[in-house]
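To start, the structure under review is shown below, and the notes come after it.
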Amino acid sequence: MANLTLVQAINLALVQEMEKDERVMILGEDVGLNGGVFRVTEGLFNRFGGDRVIDTPLAESGIIGTSIGLAMSGQRPVPEIQFEGFLGPAYDQICSHAARMRTRTRSAFTVPMTIRVPVGGGIHAPELHSDSPEAIYAHQPGLKVVMPASPYDAKGLLISAIRDPDPVIFFEPKRIYRAFREEVPEDEYTVPIGKARTVCEGEELTIVSWGASVVQCMQAIERSNDSIELIDLRTIYPIDMDAIEASVKKTGRCVIVHEAPRTSGFGAEIATQIMERCFLHLEAPVQRVAGFDTIMPYYKLETEYLPDADRIEKAINEIRAY
Amino acid sequence: MANLTLVQAINLALVQEMEKDERVMILGEDVGLNGGVFRVTEGLFNRFGGDRVIDTPLAESGIIGTSIGLAMSGQRPVPEIQFEGFLGPAYDQICSHAARMRTRTRSAFTVPMTIRVPVGGGIHAPELHSDSPEAIYAHQPGLKVVMPASPYDAKGLLISAIRDPDPVIFFEPKRIYRAFREEVPEDEYTVPIGKARTVCEGEELTIVSWGASVVQCMQAIERSNDSIELIDLRTIYPIDMDAIEASVKKTGRCVIVHEAPRTSGFGAEIATQIMERCFLHLEAPVQRVAGFDTIMPYYKLETEYLPDADRIEKAINEIRAY
Amino acid sequence: MPITKALETHIDHISILDEHGSFDEALGKDLIPDEDLLKLYQHMVVCRKLDEIAFKLQRSGRMGTFPQNMGQEATSLGAAYMLDDTDWMVTCYRENCGLFWRGLPMEKILQHWMGDERGNQIDRKHYCTPIAVPIGTQMLHATGLAWGAKYRGESQIACTFFGDGATSEGDFHEAMNFAANLDIPVIFFCQNNQWAISVPTSIQCSAPTVAQRGMAYGVECLQCDGNDIFAVAWCMKKAIESARDHNRPVFIEAVTYRLGDHTTADDARRYRDEEEVALWQSRDPLKRMRTFLESKGLWNDAQQAELDEHAEATVTAAVERAESIETPSRDDIFNWTFADIPEQIATQRDTMRTTSIGQDPSQIASEQATTQA
Amino acid sequence: MPITKALETHIDHISILDEHGSFDEALGKDLIPDEDLLKLYQHMVVCRKLDEIAFKLQRSGRMGTFPQNMGQEATSLGAAYMLDDTDWMVTCYRENCGLFWRGLPMEKILQHWMGDERGNQIDRKHYCTPIAVPIGTQMLHATGLAWGAKYRGESQIACTFFGDGATSEGDFHEAMNFAANLDIPVIFFCQNNQWAISVPTSIQCSAPTVAQRGMAYGVECLQCDGNDIFAVAWCMKKAIESARDHNRPVFIEAVTYRLGDHTTADDARRYRDEEEVALWQSRDPLKRMRTFLESKGLWNDAQQAELDEHAEATVTAAVERAESIETPSRDDIFNWTFADIPEQIATQRDTMRTTSIGQDPSQIASEQATTQA
Ligand SMILES: Cc1ncc(C[n+]2csc(CCOP(=O)(O)OP(=O)(O)O)c2C)c(N)n1
Ligand SMILES: Cc1ncc(C[n+]2csc(CCOP(=O)(O)OP(=O)(O)O)c2C)c(N)n1
Ligand SMILES: [Mg+2]
Ligand SMILES: [Mg+2]
């Protein structure tokens with residue numbers, strides 16, 4: 001066991017999977033000698049060489065499109081997109097090809113590829129370095145969408161993603177890349193895709209969140225006197241509704257917290273499925289604490305935009321009082 | 001008044017706006033002499049000349065990116081993307097630039113642009129010619145998303161869109177391009193963006209839908225003995241929740257119908273807002289009849305995928321019996 | 001010297017058997033043995049017959065949209081002929097002639113255009129990828145496929161096909177740039193058929209040649225008469241060497257013409273002149289090949305009559321096979337989304353016609369029970 | 001002739017004032033009057049000072065990431081100098097020197113990198129577009145801006161700036177292709193500074209020149225020494241003529257070097273040699289210009305000392321202005337999303353700190369009333 005940051009846990013997962021499986025290749029912008037702008041791939045270039053850790057031209061569609069070809073040919077590419085704001089140029093290759101290849105060819109061709117992408121706000125970065133597009137990709141059939149909230153999960157989920165026979169978008173919440181450490185086993189292990197984690201149990205209200213916001217949820221819970229259950233989704237698609245359903249049927253109240261804009265964010269899907277599954281158990285409408293229907297502001301205002309413990313606390317109180 | 005198809009109504013709106021406003025330009029693939037693959041721009045090239053109706057290179061990002069520049073320079077571009085499946089290559093220009101330019105520059109630069117896009121399934125077309133990505137763009141702050149369901153609305157909404165100071169994605173449901181005719185005034189008029197239309201009134205259940213599915217909803221309503229109110233959303237973003245709220249508070253029951261995949265579709269946002277606004281009025285969970293979490297099938301199975309009157313009828317009955 | 005030359009370069013145009021029947025021995029000798037020539041010609045005729053029959057099928061409602069190869073048979077066929085059987089052919093949708101040479105069953109193509117995904121369920125032994133609908137995107141897959149082979153130390157290369165219109169897409173640029181800079185063995189084969197639906201090549205590329213697109217990447221660029229299967233073969237030979245032996249991509253522009261409509265959904269008379277079509281009809285690769293074979297004493301009218309019959313029979317049999325394939329089952333919509341279908345999709349599948357919910361229908365029951373309780 | 005030349009072409013490299021101080025009279029004479037030369041030099045020195053001070057601001061937490069211009073001043077400045085004041089400058093983020101020449105207030109740039117959108121609220125009279133963060137995307141806007149001017153019959157052209165890395169993006173290709181084929185007056189100005197963060201130009205473009213990117217489109221391509229403001233000006237003159245008089249785009253590669261880190265978030269020592277940096281330091285455009293001015297008797301140490309002081313004062317004043325701008329109000333998050341803010345966004349704005357709902361808070365009250373009823 002080692003006490004690792006999320007960055008270190010991901011690095012460790014990459015090292016172990018590359019050692020285990022020759023088919024694994026890393027490609028992207030600055031992932032080589034520089035070790036990635038967040039140093040997630042640090043040391044890999046020296047360890048595995050330029051054939052397996054490849055600095056590509058500055059072209060996201062190229063990175064994903066060639067990764068699709070690599071995957072179709074039998075490799076296990078792990079492309080990195082430098083920031084979630086630069087997924088845009090690759091959107092078409094992801095949604096028109098990676099997501100569709102298995103369906104289109106009835107499994108004659110498949111795309112076992114893990115797209116690693118730093119995600120979310122809060123690091124004082126320029127424009128397009130702070131967004132949360134998980135709902136976009138969750139709406140695209142054929143993709144799995146994963147977002148860990150802790151070093152332990154990051155390692156285990158990334159190993160699952162790399163071994164998954166289908167394309168996975170692996171969002172890495174950059175605000176907590178180095179925010180805290182956690183005991184992470186050195187041996188390899190997997191955390192299954194599609195299973196949520198109950199961070200803490202409670203009886204009176206359920207909070208559902210994912211990614212870096214889980215930290216703010218915990219802060220709000222610590223402040224509260226209520227008995228609150230916190231579910232860290234871990235996987236956005238396929239969603240673990242069984243876990244949410246069981247919790248909400250117990251508590252009757254639910255708050256969902258995410259950074260992405262409120263309208264058509266993934267919180268809407270969860271709230272709707274809760275209504276579908278737990279209608280007669282609900283004591284109050286499911287509440288969302290989310291980003292706003294605006295462009296994520298530059299960093300002078302970013303903390304106003306991101307859900308913080310205050311806003312979560314308000315939601316808890318409102319829903320408890322309902 | 002003339003009895004027009006949806007295609008003709010759109011063509012008429014384009015002609016009238018081009019005559020009225022020199023800044024309006026049409027650009028896209030095959031929009032010139034050929035009049036568009038659906039003949040929506042038929043006759044415009046001859047009428048307005050090659051400077052205003054421009055066949056561009058085959059490059060969607062180029063079409064939208066140059067349209068953004070044209071709009072910034074003071075023009076009113078109306079680019080066409082040939083099918084919604086080919087919005088993908090333009091995703092980045094739409095979401096990283098068009099949607100953000102006003103916010104980014106605090107209105108120093110704006111992007112008054114209307115992107116016309118045929119949308120949806122049911123015309124026996126090949127892959128990527130049958131999708132419904134409205135929720136994707138509704139989740140992107142800074143965009144308005146419109147989808148008419150009738151010739152009258154198509155003309156009035158398109159004129160509003162072209163005159164709008166901000167970027168609008170104007171989805172044209174291709175299944176009803178020529179499916180029926182409607183009286184459309186020859187004079188110009190506008191239908192406001194952001195206002196839903198009550199297609200028929202009812203007391204016992206509300207159906208919310210948009211685009212071509214409105215036709216299937218009407219079929220289901222005709223079959224039913226219940227008193228059903230049908231709301232045609234017309235605009236996806238900004239959504240007219242006041243209309244929906246008023247209706248659902250009256251009926252207590254709601255079914256949402258859309259073609260897009262169920263998970264994270266725009267139905268989820270509506271259902272969630274209904275819960276937020278009408279919680280204590282709801283007699284049953286809001287129900288969604290939608291496409292599935294799968295790739296839209298090729299045309300041998302497409303009618304199985306699209307919500308039809310049977311599936312809507314089942315939903316009505318289930319929710320009425322709840 | 002303040003003005004110096006940073007680069008001097010040029011593009012070669014290759015023509016061996018021209019439209020007037022003249023044949024360049026220096027380049028053409030030994031390029032294609034006579035017996036293969038006959039096979040190639042027969043192959044083209046069968047493919048042309050498919051165009052004719054598919055058109056009728058579409059008009060009578062038995063098939064959806066179909067893109068004809070007519071006029072361009074020599075391009076994909078010449079390329080397929082020169083490639084190894086295990087080299088990847090990464091095509092668009094106008095390369096039937098080359099794909100059939102590969103052994104791809106004709107009914108697969110028909111099935112695809114009849115709206116059935118199983119038409120794209122291609123046996124990997126053919127080393128062909130599925131029909132690519134979004135224009136300009138498949139060249140990146142070709143680059144990845146060739147890269148994978150190179151990574152594993154295999155000698156396999158990829159050849160990717162696309163139209164003049166496709167060269168306007170950003171993905172085309174990114175694919176060529178990746179291949180050139182990362183030394184990936186891909187041949188970029190552009191069928192410049194003068195049109196992208198109704199848009200002429202001059203709007204896609206106003207440069208004197210499309211071939212010079214490749215100059216941007218410092219790769220070898222060749223232009224050839226695409227209706228001349230010898231010229232195509234000659235370029236492919238050079239390109240294959242460069243790719244296989246040196247991991248260097250090559251860009252080939254084959255100048256040809258789409259004699260038919262864009263697809264059966266199109267009417268080309270709306271936007272192009274009869275004269276232009278007539279000119280290119282005189283350059284038809286099938287006519288040219290037949291005349292050549294006849295001039296060499298390898299072909300006669302009786303053989304042609306027999307071939308025409310064979311072609312009709314072959315295509316008709318393929319159509320029958322395609323039409324006799326059972327309709328896919330509803331469940332097929334769901335069963336191929338992932339290797340393991342998540343519970344949510346399985347529920348949608350299992351309830352699609354029995355309930356509108358798309359969720360576990362037992363929920364409805366239990367909720368109702370609760371209501372009543 | 002079976003092999004014919006479909007195209008012969010070449011690329012010129014322009015150098016006028018080289019790193020050893022030799023000056024080509026034939027090309028350089030009358031290109032830039034002495035008084036302008038002095039102004040340009042002073043301008044560069046001020047911009048270099050900004051780099052130094054901004055770096056310190058970032059290190060002391062008073063600013064976010066900042067991209068220095070250091071080493072590349074002659075490129076954007078030479079271009080800005082030759083353009084008309086109403087020609088569009090469509091930049092990326094490494095063109096401060098040119099933008100200041102335009103009159104863009106320095107505090108605007110500072111404000112932007114201090115995380116405030118108002119830094120991009122640029123008065124349209126400067127004909128500059130906002131800082132473009134997504135690489136390679138702004139060339140399309142330049143093309144549209146120039147197209148708009150052409151449409152309206154204005155003589156305005158656009159010049160767009162981007163790095164070597166940006167030429168790998170698909171949008172770059174689409175922009176050049178639109179401009180070339182639709183005859184749009186844009187100058188594509190590539191600052192090849194040898195690096196895209198840690199990735200060397202050879203991975204973006206393994207061809208002998210980046211300039212040949214433009215050959216793909218049949219447009220004029222020029223390569224110049226980007227640290228030589230005369231060479232830049234010479235190329236711009238030619239390009240402006242071509243664009244303004246003939247609506248023909250031109251591609252210019254200015255060969256230069258990023259002397260600093262990519263941004264203040266980067267540490268270039270991780271991936272590049274000190275030797276390479278030293279070599280390019282000897283080619284520094286500021287040094288070169290100063291030596292040249294001194295050799296012409298136009299400059300001396302006293303003037304330099306005065307200039308250094310002036311530069312420090314100018315930048316310090318700009319920093320003070322930038323730092324004294326009031327923090328934007330919370331409402332600003334919402335108020336610029338659309339011309340007319342929809343009700344939903346207004347509600348989110350008005351309730352952001354008073355309720356978590358983001359919906360009409362009266363709902364909560366009324367619902368609660370209902371509950372209690
Ligand atoms: C990304 C994308 N945009 C638009 C289309 C619609 N479309 C289908 S074929 C075609 C023209 C293609 O021209 P070209 O590449 O020259 O190939 P050709 O059909 O001539 O063989 C267009 C615009 C598409 N399929 N994909
Ligand atoms: C689409 C996109 N991808 C990645 C990035 C991250 N990024 C910022 S600058 C940069 C390198 C740019 O290199 P170049 O174009 O040569 O410009 P330079 O910084 O050298 O001036 C990268 C990869 C980005 N901003 N946008
Ligand atoms: Mg073509
Ligand atoms: Mg650079």
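Letters go in sequence order (proteins before strands), and every chain restarts at 1.
- At least one donor-acceptor pair under 3.5 Å links the side chain of D:Arg288 to the backbone N or O of D:Arg283.
- D:Glu220 contributes no side-chain N or O that, together with a main-chain N or O of D:Val250, makes up a donor-acceptor pair within less than 3.5 Å.
- Checked against the 6.0 Å centroid threshold, C:Phe230 and C:Phe23 count as a close aromatic pair.
- Other residues, nucleotides and ligands contribute over 12 non-hydrogen atoms within 6.0 Å of the NZ atom of D:Lys5.
- Not a single donor-acceptor pair under 3.5 Å links the side chain of D:Gln204 to the backbone N or O of D:Asp164.
- Top candidate by heavy-atom pairs under 4.5 Å with chain D, chosen from C:Gly218, C:Ala216, C:Cys221, is C:Ala216.
- In terms of heavy-atom proximity, D:Thr91 sits nearest to D:Phe161 at CG2-CD1, 3.8 Å.
- Among the residues in residues 175-186 of chain D, those with a non-hydrogen atom closer than 4.5 angstrom to a non-hydrogen atom of chain C are D:Asn177, D:Ala180, D:Asn181.
- D:Lys238 and D:Asp12 are not joined by a salt bridge, as no carboxylate oxygen comes within less than 4.0 angstrom of a charged side-chain nitrogen.
- In this structure, C:Lys237 places its NZ atom where only 12 or fewer heavy-atom neighbours from other residues, nucleotides or ligands lie under 6.0 Å away.
- For D:Thr209, the part lying near chain C is the side chain, with the backbone staying farther off; criterion is any non-hydrogen pair under 4.5 Å.
- Of residues 187-203 of chain D, those residues lying under 4.5 Å from chain C by any heavy-atom pair are D:Ser202, D:Ile203.
- Between D:Cys224 and the options D:Val255, D:Val232, D:Thr75, D:Thr256, a side chain to side chain contact (heavy atoms under 4.5 Å, CB included) holds for only D:Val232.
- Proximity to chain D (any heavy atom under 4.5 Å) is restricted, for C:Leu27, to the side chain, taken from C-beta onward.
- Heavy atoms of C:Glu169 lying under 4.5 Å from chain D belong to its backbone as well as its side chain.
- Here the shortest heavy-atom pairing between C:Met236 and C:Gly78 reads CG-O, 4.4 Å.
- Counting non-hydrogen atoms of other residues, nucleotides and ligands closer than 6.0 Å to NZ of C:Lys287 gives a total above 12.
- Checking side-chain atoms of D:Thr167 against main-chain N and O of D:Phe172 turns up no donor-acceptor pair under 3.5 Å.
- Chain C forms the most heavy-atom pairs under 4.5 Å with one residue out of D:Gly28, D:Ala211, D:Cys205, D:Pro208, and that residue is D:Cys205.
- Top candidate by heavy-atom pairs under 4.5 Å with chain D, chosen from C:Gln223, C:Gln212, C:Glu8, is C:Gln212.
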